[in-house]
Amino acid sequence: MTTFDANGVTLERVREHVWEITQEGEMRTPARVLASEALLEEISQDKTLEQLQNATHLPGMTNYAICMPDGHQGYGFPVGGVGALDAEDGCISPGAVGYDINCGVRMMRTNLTYSEVKGHEEELVDSLFANIPSGLGGGGIVETGIDDVEEILARGVDWALENGHAVEDDLLHCEDEGMREEADPSKVSQKAKDRGKNQIGSLGSGNHFLEVQRVTDVFDDEVGAAFGLEEDQIVVLIHCGSRGLGHQTCNDYLRKIERQHQGLLSQLPDKELAAAPAGSQLAEDYYGAMNAAINFAWVNRQLIMHRTRRVFERVFDRSWEEMEMDLLYDVAHNIAKKETHTVGPDGRPAAESDATANEERELFVHRKGATRAFPKGHPEVPAAYRDVGQPVIIPGSMGAGSYVLRGGEASMDLTFGSTAHGAGRLMSRTQAKNDYWGGDVQQELEEQDQIYVKAQSGATIAEEAPGVYKDVDEVVRVSDELGIGDKVARTFPVCNIKG
DNA sequence: ATGTCC
């Protein structure tokens, strides 16, 4: 048996790309890392493995705590982590959702080709930057009153449709159709609403961006055709979340849960894993508030996408409908959702159990820096894609391009229908700023790769330099070879705006 | 990620 040792954590290689931390002590389940040996080596450099092992102490953990190939350490629970916790006798943990509730990505198609856009890059990047709010703090596409915030929290993209920021087709191509019905705006604090009300339609900062890209490869012609993707086509990728509103909501509930559920907290190896027991008032309240913040983030991405259509109309002098600027798909990668999955007796993996003992269980599936990747035939895959599988969008760094995958056949058995969410950081923001200077990175991207980047701050470009990220090709290779998310297409940046 | 410490 091949083993891998890192900082007192031992992993056994189960098979290609599957590594397991054996259950011992207070662990409720084993833990699994899905990675190549090279990625595992990178993952082992920070606290990810310790956090993954800690996560198995959460009540109701089912099968395994799982770390994706792009995993790195986060608040309490790894970014790139999946934890399915029993919704009846388990718990829900804000740290296993993440501070940026419904951080996610959407991809919009166009019928433009790269040759039509080449030569317009600077005009396009300037116009996008001028029209799409970005950076820290306030300023959004719509400046609205608190009544609208309440509606957005309750109804998600349905609000955008009613207010002229969306078309019906946009809703059909979004995870959960852009609305969590269990949202309860009354459980979102006034402070969070105040922070959100002037940030509706804004990118934010950090790794959030809007990128115009060209499709460089279509690996699967049938699925590529179903997704409306072909080589040389221009697409737009939008990556952002719920801004200050989601951050405040996460913070509010962490503090409340720490105070009210000290008994559970005392059983956990890390205070940052603070969790509310299923069925408790705070579990209900957090779930309602989190779902409301999820709706807010979907509206945020929707408004940015719709504004992008207007920018393209001005730059290319034709209507967005004429340019067929349709939403391909929007996927969340920081969420928890009550889902039904087939599990074996005592929360063991169904695939490794006697099938007659398997049962359907309601689970809070926490995907933190992990993307839903439902296979073909799943009822929650939009009708347009049901025969091929759910689109999965994996953004790479601004110098490396991105991938479109489709949910793979093995995802339900291995990962509760999930895969990776990006390249994953290799170094801290502080170290990145020591190693890189924004202006140099920007100039190099433009001169060497014809990638036009515009940001509010040079520091953000340094923090997001291509070299601070893992190899997205390797992350996607692992996903594809495991069969949890299959490669469909690859894109390369044309221009990028960020905070 | 985040009015990067109420």
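Letters A, B, ... mirror the listed sequences (proteins, then strands); counts begin at 1.
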Notebook entry, point to check: NA contact type, A/Gln199, heavy-atom cut-off 4.0 Å: base, sugar-phosphate, or nothing?
Noted result: sugar-phosphate
Note to self: Within the 4.0 Å heavy-atom criterion, would you say A/Lys191 contacts the bases, only the backbone, or no part of the nucleic acid?
What the structure shows: base
Atom pairs and distances, side-chain donor-acceptor, residues 268-275 of chain A, under 3.5 Å, sequence neighbours left out:
from: A/Asp270; atom 1: OD1; to: A/Glu272; atom 2: N; distance (Å): 2.9
from: A/Glu272; atom 1: OE1; to: A/Gly76; atom 2: N; distance (Å): 2.7

Item checked: Between B/dC5 (C1') and A/Asn251 (CG): distance, integer Å -> 11 Å
Next item on the list: Measure from CZ on A/Arg255 to C1' on B/dC6 and round the result to the nearest Å.
Entry: 12 Å
Check: Can you tell me how far P of B/dT2 sits from CG of A/Asp194, to the nearest Å?
Finding: 18 Å
Check: When the ring centroid of A/His239 is compared with that of A/His333, is the distance short of 6.0 Å?
Finding: yes
Checklist line | Between B/dC5 (P) and A/Leu254 (CG): distance, integer Å | finding: 16 Å
Checklist line | Spacing between A/Arg429 atom CZ and B/dT2 atom P, to the nearest angstrom | finding: 9 Å
Note to self: Using a heavy-atom cut-off of 4.0 Å across all strands, would you classify A/Ser205 as base, sugar-phosphate, or nothing?
What the structure shows: sugar-phosphate
Next item on the list: For A/Gly241, answer base if it contacts any base atom (sugar-phosphate contacts may also be present), sugar-phosphate if it contacts only those atoms, and nothing otherwise; contact means non-hydrogen atoms under 4.0 Å.
Entry: nothing
Margin query: I need the CD-C1' distance between A/Gln456 and B/dT2, as an integer number of Å.
Written below: 16 Å
Notebook entry, point to check: Any idea which heavy atoms bring A/Asp100 and A/Arg243 closest together, and the distance?
Noted result: OD1-N, 3.9 Å
Notebook entry, point to check: By ring pair (Phe, Tyr, Trp, His ring centres under 6.0 Å), which residues pair with A/His17, not counting sequence neighbours?
Noted result: none
Check: Should A/Arg243 be listed as having a side-chain N or O under 4.0 Å from OP1 or OP2 of B/dT2?
Finding: yes
Next item on the list: Report the distance from atom CG of A/Asn198 to atom P of B/dT2, rounded to the nearest whole Å.
Entry: 13 Å
Notebook entry, point to check: NZ of A/Lys498 versus C1' of B/dT2: gap in Å, rounded?
Noted result: 17 Å
